[in-house]
Amino acid sequence: MVRTRFAPSPTGYLHIGGVRTALFNWLFTRRHGGQFLLRIDDTDQQRNVEAALAPILHGFRWLGLDWDEGPEVGGPHAPYYQSQRLGRYHDAVRKLLAAGAAYRDFATTEEIAAEREAAEREKRPFIYSRKWMAESDADAKRFEAQGRQGVVRLKMPRSGTLVIPDLVRGDVAFEWSREQDHVVQRADGTCLYHLASVVDDFDFEISHVIRAEEHLSNTPRQIFIAQSLGFPLPEYAHLPYVAEPGSKNKLSKRKLDKYLKNADFAKVNAHGQAIAQALGLPITAETFNPVIVDFYEQVGYLSDAILNYLLLLGWSLDDKTEYLSRDEMIANFSLERVNKAPASFDPKKLSAFQDHYMQQVPLKQKVALVLPYLQRAGYVPKPTPCDVGPQLTRLVEAAGDRIKVAGDILSYADFFTDDEALTYDEATFDKRLRAAGATDLLWKYRQGLADVEPFEPASLEEYTKRFAAAENIQLNDIIHALRAALTGKGVGLGLFDTLAILGRERSVRRIELALERART
RNA sequence: GGCCCCGUCGUCUAGCCAGGUCUAGGACACAGGCCUUUCACGCCUGCAACACGGGUUCGAAUCCCGUCGGGGUCACCA
């Protein structure tokens, strides 16, 4: 039975690299009909675990990565919080001690540091001398009498080779003699991550440990702990980490300033920030940026696009498949096809996947996706007035694939504002409406609008073409001025759609307002 | 620095294990063009890579050795 886990620390946000790791675990599990669990690594956490965990669980739910056991859903091995499993870890420490696989050590931090420095000076690898190792209770009493505090260290083998079979990397060899006597229990009695992780993986019957490669060098000590405790070893698969945009360094939430110097990253970020601002979200750069999953949800990305992009960051099906549905992902995922080299996170390519998936969304669904943004930004009241639905549907249809993320609807919010409140792009207004003859043409055009029947794109186009012919001008000569008058912008929807959506009365009104404005 | 991992277009990658079909394929990005009422979409074209050096072989992106380069990790963090 395949059982995998993802073990987030309650940090308050879900990192995009973490999601990639979680996704591979989830996919592998679903592929093999097993269980995927969430374990909370809060061994050194403060008080607000629940609050710091909420956004992470929310992110998983939004992405559709469901877990079979863990927080909120429970399970036969509960609790799934490390902070609530301390007794298990203490049992393990006792067993390790009894088996001679660990010892109580009374060295001070300074003494260890001195040994390390000496080793560095002599250019030899540091290995603890075990000078303050208590081999008996009497030793321990003697050290304690000196006022020393004891920790528990692993008594690592000092010879031999360990070969770790890794499902992604093949066999990886380590020399035991290079491994440190790591601390597994602190002086205050609390236990450390490696011990806790091994114990939990055993308790939760984890069959495959699929994690990022920064854990590869931690694996020998974990194997030592597991073997000393008599636990069967899980299979290991160490995934390449997700790298920064345009570099091979590990992606980190702390280096945001640096990423913002990357043009693509900055562009995606700025786009999202603008939407967030329009929504009045209480955001800071630390909590809202393209490294954090919540960013994408708030801005209105599709979770399918995120997942598909992340899947291809380190995995591929063949030489051409780009788009995979969830079922296809599950049916085809395999650890054998995971790449060994790190892959750079490219927000531009993610956007490309988003474009693609957004184009697949049926109109009705797209309207539903987009409506909350207009409401939250205050353009449409809640509950939705009944005339908004049809108008919004027409708008979304006319906008077509200009709406790349749900939040993009805000670019068209002017359709929902009072005509008097319309804002104008000055450069466009000057160019199109203060040009010679522009106002005369518009004035005449407006006159004719009264007789267009029906007030729909086709007949509007016909009228406009007739108008241009009669005036002996190019269609362009009237269209650009009209768009500027109706929307205040130089770019936007098709002009005849714009007219139809606004309706006769508001179109006329906006033309009049623009004419008036052009005179001043 | 020690240990470990990795190295195909700017980026994600296919090909590598089982050498020839690879004058290295696809995608994103970029450039040019077409379409067109702007923008976006779409379509077409183009640019662009086997880190380097040896070896093995009739033949190497693929196998071997070395070099260089990049990264991860070396906590009483997770």
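Reminder, nothing fancy here: chain letters follow the sequence lines and each chain counts from 1.
- Side-chain atoms of A:His182 and base atoms of B:A75 include no donor and acceptor less than 3.5 Å apart.
- Within the 4.0 angstrom heavy-atom criterion, no nucleotide atom of any strand lies near A:Gly246.
- A sub-4.0 Å separation between OP1 or OP2 of B:A78 and a side-chain N or O of A:Thr43 is present.
- Of the candidate nucleotides B:G26, B:C4, B:C76, B:G26 has the atom nearest to the side chain of A:Lys349.
- The nucleotide whose nearest atom lies closest to any side-chain atom of A:Pro125 is, among B:G2, B:U73, B:C6, B:G2.
- Within 4.0 Å (heavy atoms only), A:Arg337 reaches sugar-phosphate atoms of the nucleic acid but no base atom.
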(request) Determine, for nucleotides 37-42 of chain B in 5'-to-3' order, which nucleotides have protein heavy atoms under 4.0 Å from the base (write B), from only the sugar-phosphate (write S), or from neither (write -). (result) BBBBS-
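- Between A:Asp139 and A:Arg104, no side-chain nitrogen of the basic residue sits less than 4.0 Å from a carboxylate oxygen of the acidic one, so the salt-bridge criterion is not met.
- Among pairs with a residue in residues 336-353 of chain A, those fulfilling salt bridge (Lys or Arg N to Asp or Glu O under 4.0 Å) read A:Asp264-A:Lys348, at least two apart in sequence or across chains.
- The CG atom of A:Leu53 sits 17 Å away from the P atom of B:A78 (whole-angstrom rounding).
- At the phosphate of B:A14, OP1 or OP2 sits under 4.0 Å from a side-chain N or O atom of A:Asn339.
- Among the atoms of the strands shown, only primed sugar atoms or phosphate atoms (P, OP1, OP2) are found under 4.0 Å from some heavy atom of A:Glu213.
- Contacts of A:Val151 with the nucleic acid, taken as non-hydrogen atoms under 4.0 Å apart, include base atoms.
- A:Lys320 has no carboxylate O lying under 4.0 Å from a charged side-chain N of A:Asp318, or vice versa, which leaves the two without a salt bridge.
- Applying the 4.0 Å criterion to OP1 and OP2 of B:C74, one finds that A:Arg221 has every side-chain N and O outside that range.
- For residues 147-160 of chain A, the side-chain hydrogen bond (donor to acceptor under 3.5 Å, both in side chains) pairs, not counting sequence neighbours, are A:Asp105-A:Arg153, A:Glu111-A:Arg148, A:Gln146-A:Arg148, A:Arg158-A:Asp181.
- Closest to the side chain of A:Leu313, out of B:C12, B:A27, B:C76, is B:C12.
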(message) Go through it in stages, so that I can follow the logic: the residues are A:Thr487 and A:Tyr412, the test is side-chain hydrogen bond (donor to acceptor under 3.5 Å, both in side chains), and I'd like the CA-CA distance, side-chain angles, deciding distance and then a yes or no.
(response) CA-CA 9 Å; A:Thr487 68; A:Tyr412 307 102; over 6 Å; no
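- Using N1 to N3 plus N6-O4 or O6-N4 for Watson-Crick, or N1-O2 and O6-N3 for G-U wobble, each under 3.5 Å, B:C74 pairs with B:G1.
- Salt bridge A:Asp414/A:Lys489: present, at least one basic N to carboxylate O contact under 4.0 Å.
- Figure legend. B:C9 is base-paired to no nucleotide; pairs are counted as Watson-Crick or G-U wobble with both atom distances under 3.5 Å.
- At the heavy-atom level, A:Lys489 lies nowhere under 4.0 Å from the strands shown.
- The residue A:Ala196 sits apart from the nucleic acid: no heavy atom pair falls under 4.0 Å.
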(request) Report the C-alpha separation of A:Ser129 and A:Glu115 in whole Å, then their side-chain angles, then the decisive distance to 0.1 Å, and conclude whether the side-chain hydrogen bond (donor to acceptor under 3.5 Å, both in side chains) test is met. (result) CA-CA 8 Å; A:Ser129 68; A:Glu115 285 201 3; 2.5 Å; yes
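- Note on A:Arg116 versus A:Glu120: no salt bridge recorded, every NZ/NE/NH1/NH2 to OD/OE distance being 4.0 Å or above.
- B:U57 and B:A51 are spaced 23 Å apart, taking the P atom of each and rounding to whole Å.
- As rounded to whole Å, 16 Å separates atom P of B:G69 from atom CG of A:Asn249.
- Taking atom C1' on both B:G15 and B:C22, the two are 8 Å apart, rounded to the nearest angstrom.
- Comparing the same atom, C1', in B:U13 and in B:U8 gives a spacing of 9 Å after rounding to whole Å.
- In this structure, A:Ala352 reaches the sugar-phosphate backbone alone: every heavy-atom distance under 4.0 Å involves primed, P, OP1 or OP2 atoms, never a base.
- Within the shown strands, nothing qualifies as a pairing partner of B:A18 under the Watson-Crick or G-U definition with both distances less than 3.5 Å.
- For B:U57, there is no paired nucleotide, since no Watson-Crick or G-U wobble pair has both relevant distances below 3.5 Å.
- A gap of 34 Å separates the P atoms of B:C4 and B:A49, to the nearest Å.
- With distances taken from any side-chain atom of A:Gln180 to the nucleotides B:G7, B:C74, B:U73, the minimum falls on B:C74.
- Here the side chain of A:Glu214 is nearest to one of B:G72, B:A75, B:C6, namely B:G72.
- Ring-to-base geometry places A:His215 in a stacked arrangement with B:A78 (centre distance under 5.5 Å, plane angle under 30°).
- For B:U11, the OP1/OP2 oxygens have no side-chain nitrogen or oxygen of A:Lys248 closer than 4.0 Å.
- Checked for salt-bridge contact, A:Glu213 and A:Lys250 miss the test: no charged N lies under 4.0 Å from a carboxylate O.
- Proximity note for A:Phe174 (side chain, C-beta onward) versus B:A78, B:C4, B:C5: the nearest is B:C4.
- Considering only side-chain N and O atoms, A:Ser316 lies nowhere under 4.0 angstrom from the phosphate OP1 or OP2 of B:C12.
- Here the side chain of A:Arg186 is nearest to one of B:C77, B:G26, B:G7, namely B:C77.
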